[in-house]
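What follows is a single structure, written as structure tokens, with notes after it.
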Amino acid sequence: PLFRSAVHVVDFGKNMEFSPDKKVYVIGHGANCSSAYESWMQGDQVYIARGIPDPVQINNESIWEFYGGNAQSWINSLDDASPLFTWINRTGVTTMTYLPVLKKYVMCVSTPTYSPYTVREFDTYLLESDTPTGPFSLITYMSKFGPEAYFVNIPSKFVNSKIEKIGDEYFLKFFLSYSANFAMGRSTPNPPGSGYHWTLMESRFKITKSAMQQI
């Protein structure tokens, strides 16, 4: 397996308040096949690792563990690491945030719309899980979001602490953070406001009544 390009620190809130074991986690995409299309924006799998949050030791390989296939299995060898999931040619820049109000981890993944081209449109999809290692369920798949959005993430600082009821429906408001259109500056922003800058897009999750009963 190979982590490709930038890995991102899992957002557990201020001072890692909600880390399940007080460790720092990083997540990123990669592939375990030499013939795979691998780039900063594309891969076949998503991988996760955890380590001791010590600024002196953070670059020491020995403090890191890699997901080994189940929540109780963490190993010291990247070569033997297991992916959180595999989707051939459909992974890419990956981030994860814990939302305590929902008791859910939300993963954001961006990937080329037209594999393997990384200077055209990108798709973005969001997944949810009860744990940082899954299993994951699809929240939404947004084709040509941006239409070339990348480094999509949900900063915990910009997530409401309470669920809002509007009529008979429930929503959690947050700001979606990303940049877009570095190679498509003449394209029409989708949604409006997207561009080659830091975008904070006001967004919200619709919470089902069955989910509300579990919170």
Side-chain angles (χ1 to χ4, degrees), residues 1-100 104-112 115-116 118 122 124-136 149-157 177-179 182 198:
L2 176 66
F3 274 121
R4 185 69 182 185
S5 188
V7 295
H8 290 84
V9 174
V10 175
D11 186 345
F12 290 127
K14 185 177 181 180
N15 297 326
M16 301 198 316
E17 177 182 2
F18 297 102
S19 172
D21 48 21
K22 304 306 179 183
K23 292 185 177 181
V24 60
Y25 285 60
V26 296
I27 194 165
H29 69 284
N32 55 13
C33 175
S34 60
S35 61
Y37 288 116
E38 283 194 272
S39 71
W40 70 279
M41 196 62 192
Q42 184 170 23
D44 291 346
Q45 284 99 19
V46 169
Y47 293 88
I48 195 167
R50 67 182 185 182
I52 300 170
D54 179 354
V56 176
Q57 297 291 324
I58 200 71
N59 289 322
N60 186 339
E61 184 179 353
S62 66
I63 72 164
W64 289 98
E65 299 175 311
F66 303 91
Y67 178 65
N70 62 67
Q72 287 74 45
S73 174
W74 292 87
I75 59 179
N76 297 115
S77 172
L78 174 58
D79 291 338
D80 297 324
S82 296
L84 295 179
F85 66 87
T86 297
W87 191 356
I88 304 299
N89 294 335
R90 304 309 293 170
T91 67
V93 172
T94 304
T95 65
M96 180 185 284
T97 305
Y98 181 67
L99 306 183
K104 293 286 185 180
Y105 295 85
V106 176
M107 182 190 299
C108 303
V109 183
S110 299
T111 189
S115 173
T118 59
F122 295 152
T124 294
Y125 55 95
L126 276 60
L127 307 171
E128 66 173 321
S129 175
D130 294 333
T131 75
T133 56
F136 296 90
Y150 58 98
F151 296 147
V152 180
N153 67 98
I154 302 173
S156 60
K157 184 178 180 67
S177 169
Y178 61 94
S179 294
F182 67 93
W198 183 28

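Remember, it's a predicted structure, so these values are computed and weren't measured experimentally.
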Apply the side-chain contact (heavy atoms from CB on, under 4.5 Å) test between M96 and each candidate in V26, V10, N153; give the one that qualifies. V10

Pair W40-T118, side chain to side chain contact (heavy atoms under 4.5 Å, CB included): steps then yes or no: CA-CA 9 Å; W40 70 279; T118 59; 4.1 Å; yes

To the nearest 0.5 Å, what is the distance between SG (C108) and CD1 (I154)? 4.0 Å

Evaluate L127 against F85 for side chain to side chain contact (heavy atoms under 4.5 Å, CB included), listing each step before the verdict. CA-CA 11 Å; L127 307 171; F85 66 87; 3.7 Å; yes

Does a donor on one side chain and an acceptor on the other come within less than 3.5 Å for D79 and S77? no

The single option from W198, Y178, F182 that satisfies ring-ring contact (aromatic ring centres under 6.0 Å, His included) with Y150 is F182

Taking the side chain as C-beta and beyond, is there a heavy-atom pair between T86 and V46 under 4.5 Å? no

How about F136 and Y105: are their ring centres within less than 6.0 Å of each other? no

Quick one: OG1 on T91 to OH on Y47, what's the gap to the nearest 0.5 Å? 9.0 Å

Does the side chain of K104 come within less than 4.5 Å of S129's, by heavy atoms? no

Give a yes or no on this: more than 12 heavy atoms of other residues, nucleotides or ligands lie within 6.0 Å of atom CG of N15. no

Keeping R90 on the side-chain end and Q45 on the backbone end, is there a donor-acceptor pair under 3.5 Å? no

side-chain contact (heavy atoms from CB on, under 4.5 Å) involving E65 - partner list, sequence neighbours excluded: K23, R50, W74, N76

Between T94 and H8, is any pair of side-chain heavy atoms under 4.5 Å apart? no

Might you confirm whether atom OH of Y37 has over 12 heavy atoms from other residues, nucleotides or ligands at distances under 6.0 Å? no

For this output row, return yes or no: ring centroids of Y25 and W64 closer than 6.0 angstrom. no

Determine, stepwise, if the pair S179 / F151 fulfils side chain to side chain contact (heavy atoms under 4.5 Å, CB included). CA-CA 7 Å; S179 294; F151 296 147; 5.7 Å; no

Tell me, do I27 and M107 make a side-chain contact under 4.5 Å, heavy atoms counted? yes

Indicate whether any N or O donor in one side chain lies under 3.5 Å from an N or O acceptor in the other, for S110 and T124. yes

Show, in sequence, the C-alpha distance, side-chain angles and deciding distance for V24 and I58, and conclude whether the side chain to side chain contact (heavy atoms under 4.5 Å, CB included) test is met. CA-CA 9 Å; V24 60; I58 200 71; 4.1 Å; yes

Does the side chain of D44 reach to within under 4.5 Å of the side chain of N89, using non-hydrogen atoms? yes

Does one side chain, of S156 or D11, offer a donor that lies under 3.5 Å from an acceptor on the other? yes

What's the separation between atom CD in Q42 and atom NE2 in H29, rounded to the nearest 0.5 Å? 8.0 Å

Measure the CG-CE distance between D21 and M16 for me, rounded to the nearest 0.5 Å. 8.5 Å

I need the I48 CD1 to S82 OG distance, nearest 0.5 Å. 12.5 Å

Do F18 and Y98 make the cut of ring centroids closer than 6.0 angstrom? yes

